[in-house]
Amino acid sequence: MAKKLTPRSEDYSKWYNEIVVDADLAQHSDVKGCMIIKPYGYAIWERMKDVLDGMFKETGHMNAYFPLFIPKSYLSKEAAHVEGFAKECAVVTHYRLMNDPNGKGLIVDPKAKLEEELIVRPTSETIIWNTYRKWIQSYRDLPLLINQWANVVRWEMRTRLFLRTTEFLWQEGHTAHATEQEAQEETRRMLDIYAKFTEGWMAMPVIKGDKTESERFAGAESTLCIEARMQDGKALQAGTSHFLGQNFAKAFDVKFATKEGKQELVWATSWGVSTRLMGALVMTHSDDAGLVLPPKLAPIEVVIVPIYKGQEQMDEIVDRCREIETELRAAGIRVKLDADDSKRSGWKFAEYELKGVPIRLAVGPRDLANNSCELARRDTRTKSFESLDGIAPHVRTLLDTIQSDLFSTAQDRMVKNTVHVDTWEEFQAAINDEMFVLAHWDGTSETEDLISDETKASIRCLPFDGDLTPGVCVKTGNPSARRVLFAKSY
RNA sequence: CGGGGCGUGGCCCAGCCCGGUUAAGGCGCCUGGUUUGGGACCAGGAGAUCGCAGGUUCGAAUCCUGCCGCCCCGACCA
């Protein structure tokens with residue numbers, strides 16, 4: 001290969017940056033922390049979006065769209081929320097530019113100052129709850145189940161392609177319920193949908209659990225999350241679902257009349273996943289040769305590469321490839337025939353490997369004679385020769401196999417690298433080895449901070465499926481109700 | 001906000017210390033030809049306010065001053 005990625009073992013984050021750029025997922029824009037999502041990357045995001053959108057709709061949610069700009073005053077209504085977001089908000093102060101009277105270029109027109117500054121949304125709770133106040137009067141208006149696909153801006157100090165960009169794309173669900181229980185159920189339902197998506201489509205195993213108080217969303221009563229393990233051992237928060245209690249209802253005075261005619265505050269949830277999932281996808285499966293995509297999300301599941309010498313052979317082979325293309329497409333497989341004569345087959349092999357296309361199907365003169373083709377798996381990098389009779393069902397089966405193999409490989413890796421430890425020495429060693437560590441913790445933020453200061457590991461979550469036997473805290477020796485998950489994280 | 005790096009055709013970059021008149025090379029692009037089972041080759045061609053602003057000088061990509069921007073590593077956060 002001419003273009004080589006930095007191997008993961010040498011510099012994992014360099015590898016990550018190169019793969020994102022070289023596989024044509026995204027590039028840096030000229031604005032710090034912002035990225036251009038390229039067509040190939042966006043196609044993957046669109047698939048994620050379509051699948052998730054379908055899941056939301058199946059569970060009774062509808063899409064809506066709220067404005068990008070939020071009056072500054074809205075943000076200050078919920079105390080914890082301000083605390084969490086105020087320091088990373090982009091603020092619009094003016095609405096007009098003018099020619100610089102002293103020279104060339106444009107300046108902000110000082111006469112065009114806004115009376116009240118506008119915040120570019122870092123999340124939409126405030127504008128949505130300000131709106132819900134007008135929408136909700138009666139228990140008959142509940143539950144209100146809304147999702148929106150949007151961009152948000154958080155002025156982070158340190159950014160990384162897909163994992164933490166200044167502007168990012170996401171969906172944010174915002175629901176209102178008559179009872180606490182219903183809202184709690186919704187919070188959990190949506191987390192389960194996220195896990196179903198990441199495991200079933202992204203082939204990325206996750207650990208579901210509760211966040212500790214210090215890791216909670218600003219303004220939430222509880223935050224549920226899914227945590228994934230990247231190949232370098234770091235945890236990545238892949239999605240969150242928040243039970244907001246009545247905090248936003250109180251802040252924005254959202255009440256409804258019960259059957260009995262009483263006025264009560266509504267119960268709320270919000271939940272979201274973002275283009276960060278793209279980063280998660282890259283870091284879960286890809287290798288030193290490039291991207292590896294799970295078939296269910298791959299924009300191209302199968303690429304057909306014709307191999308030939310001379311014009312006459314080319315015509316014959318490309319014709320045969322077109323037949324195969326038609327057959328695969330009829331079977332519902334996303335297929336691309338690359339008959340571009342200006343690129344040689346070797347170039348195409350390397351290119352589609354870099355881009356993570358799950359299966360490559362090559363047809364050359366020998367295959368034409370034998371009615372066969374070469375099938376190459378991207379994930380295992382193995383090749384086999386197959387008859388072209390019944391190729392579509394065969395490819396379908398192979399795609400399914402790849403999808404499930406990717407999941408089990410990732411899951412095995414996570415299981416193998418998850419350990420129970422009971423002493424502080426073991427704990428430090430395990431964290432040093434980039435493990436997921438299940439250990440006892442005394443339940444205090446002080447201890448959580450102490451551990452994080454000393455080891456860089458944080459509590460990723462209190463896993464739902466965790467070990468609930470009591471013990472003693474690995475750091476302080478104080479009583480602990482259960483084991484929690486520690487890891488270094490992104 | 002600290003530490004490091006970088007700004008030169010679309011992309012990667014040499015040249016800068018030690019100033020000198022056509023700014024080198026590779027990739028890509030265009031034209032023609034030969035090629036094609038793992039990133040082909042030949043020939044020709046187009047394409048550059050050397051990040052910006054000042055200064056020194058006969059002469060600045062190169063030296064000096066100031067500024068701007070981005071990337072990477074930390075601290076902080078999804």
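In what follows, chains carry the letters A, B, and so on, assigned in the order in which the sequence lines appear, proteins first and then strands, with residues in each chain numbered from 1. Bear in mind that the values here come from a model prediction, so they are computed numbers and not experimental data.
In a base pair of the Watson-Crick type (N1 to N3 plus N6-O4 or O6-N4) or a G-U wobble (N1-O2 and O6-N3), with each distance short of 3.5 Å, B/rU36 is matched with no nucleotide. Using Watson-Crick or G-U wobble geometry with both donor-acceptor distances under 3.5 Å, B/rA48 finds no partner in any strand shown. B/rC17: no Watson-Crick or G-U partner with both key distances under 3.5 Å is found in any strand. For B/rC70, the paired base is B/rG5 (Watson-Crick or G-U wobble, both distances below 3.5 Å). Both distances falling under 3.5 Å, in either a Watson-Crick or a G-U wobble arrangement, occur for no nucleotide opposite B/rU22. Figure legend. B/rC27 is base-paired to B/rG10; pairs are counted as Watson-Crick or G-U wobble with both atom distances under 3.5 Å.
B/rC58 sits 12 Å from B/rU21 when the C1' atoms are compared, rounded to a whole Å. Comparing the C1' positions of B/rU56 and B/rG45 gives an interatomic distance of 40 Å, to the nearest angstrom. A gap of 15 Å separates the C1' atoms of B/rG4 and B/rA75, to the nearest Å. With both ends at atom P, the span from B/rC64 to B/rC77 equals 41 Å, rounded to whole Å. If you take atom C1' in B/rG9 and the same atom in B/rG26, they sit 13 Å apart, rounded to whole Å. Comparing B/rA61 with B/rC13, their C1' atoms sit 14 Å apart, to the nearest whole Å. Between the P atoms of B/rC72 and B/rC67, the separation comes to 24 Å (whole Å). Between B/rA48 and B/rU8, the two P atoms lie 15 Å apart (nearest whole Å).
Using a 4.0 Å heavy-atom distance criterion, A/K383 is classed as a base contact. Within the 4.0 angstrom heavy-atom criterion, base atoms lie near A/L163. Residue contacts shown for A/E156 include a base, since a base heavy atom lies under 4.0 Å away.
Atom CG in A/D453 sits roughly 12 Å away from atom C1' in B/rA75 (whole-Å rounding). If you take CZ of A/F85 and P of B/rA78, they are 7 Å apart, rounded to a whole angstrom. For the pair A/E227 CD and B/rA78 P, the interatomic distance rounds to 12 Å; values are reported in whole Å. In this structure, A/E18 places its CD atom 12 Å from C1' of B/rC12, rounding to the nearest Å. Between A/E88 atom CD and B/rA78 atom P there is a gap of 7 Å when expressed in whole angstrom units. Rounded to whole angstrom, the span from the CZ atom of A/R216 across to the P atom of B/rC77 amounts to 16 Å. Between the CZ atom of A/R360 and the P atom of B/rG37 there is a distance of 12 Å, given to the nearest Å. Taking atom NZ on A/K4 and atom C1' on B/rG39, their separation rounds to 12 Å, with Å as the unit.
For A/F168, taking side-chain heavy atoms from C-beta onward, the closest of the listed nucleotides B/rA78, B/rA75, B/rG39 is B/rA78. The side chain of A/R164 lies closest to B/rA78 when the candidates are B/rG38, B/rA78, B/rG37. Comparing B/rG37, B/rA75, B/rA78 against the side chain of A/M157 picks out B/rA75 as the nearest. For A/R366, the listed nucleotide lying nearest its side chain is B/rG37; candidates were B/rG37, B/rA78, B/rG38.
Ring geometry for A/W201 against A/F197 counts as parallel: the plane angle stays under 30°, on a 0 to 90° scale with 60° as the upper cut. Between A/F243 and A/W267, the ring planes are parallel. Angles under 30° get that label, and only those over 60° would be called perpendicular. Taking the six-membered ring where the residue is Trp, A/Y194 and A/F56 present perpendicular rings, their angle passing 60° and hence far from 30°. The aromatic rings of A/Y12 and A/W15 sit tilted, their planes meeting at an angle between 30° and 60°.
With A/F427 as the aromatic partner, A/K475 does not meet the cation-pi criteria of under 6.0 angstrom to the ring centre and within 45 degrees of the ring axis. With A/Y490 as the aromatic partner, A/K234 meets the cation-pi criteria of under 6.0 angstrom to the ring centre and within 45 degrees of the ring axis. With A/Y352 as the aromatic partner, A/R360 does not meet the cation-pi criteria of under 6.0 angstrom to the ring centre and within 45 degrees of the ring axis.
Residues A/R154 and A/G364 both approach RNA chain B. Their nearest nucleotides, taken by heavy-atom distance, put A/G364 toward the 5′ side.
Aromatic ring centres of A/F349 and A/W347: separated by at least 6.0 Å.
The environment of A/K77 atom NZ is dense: over 12 non-hydrogen atoms of other residues, nucleotides or ligands sit within 6.0 angstrom.
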Each nucleotide N or O in nucleotides 66-72 of chain B that has a protein N or O under 3.5 Å away: list the pair and distance.
from   : atom 1 : to    : atom 2 : distance (Å)
B/rC70 : OP1    : A/K32 : N      : 3.0
B/rC71 : OP1    : A/G33 : N      : 3.2

Under 3.5 Å, which N/O atoms of the protein pair with N/O atoms of nucleotides 33-36 of chain B?
from   : atom 1 : to     : atom 2 : distance (Å)
B/rU36 : O2'    : A/Y308 : O      : 2.4

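Side-chain atoms of A/E448 and A/T212 form a donor-acceptor pair, as typed in the model, at a separation below 3.5 Å.
Between A/E351 and A/K348 no salt bridge is recorded (no basic side-chain N to carboxylate O distance below 4.0 Å).
The shortest distance between side-chain heavy atoms of A/T123 and A/H81 falls below 4.5 Å.
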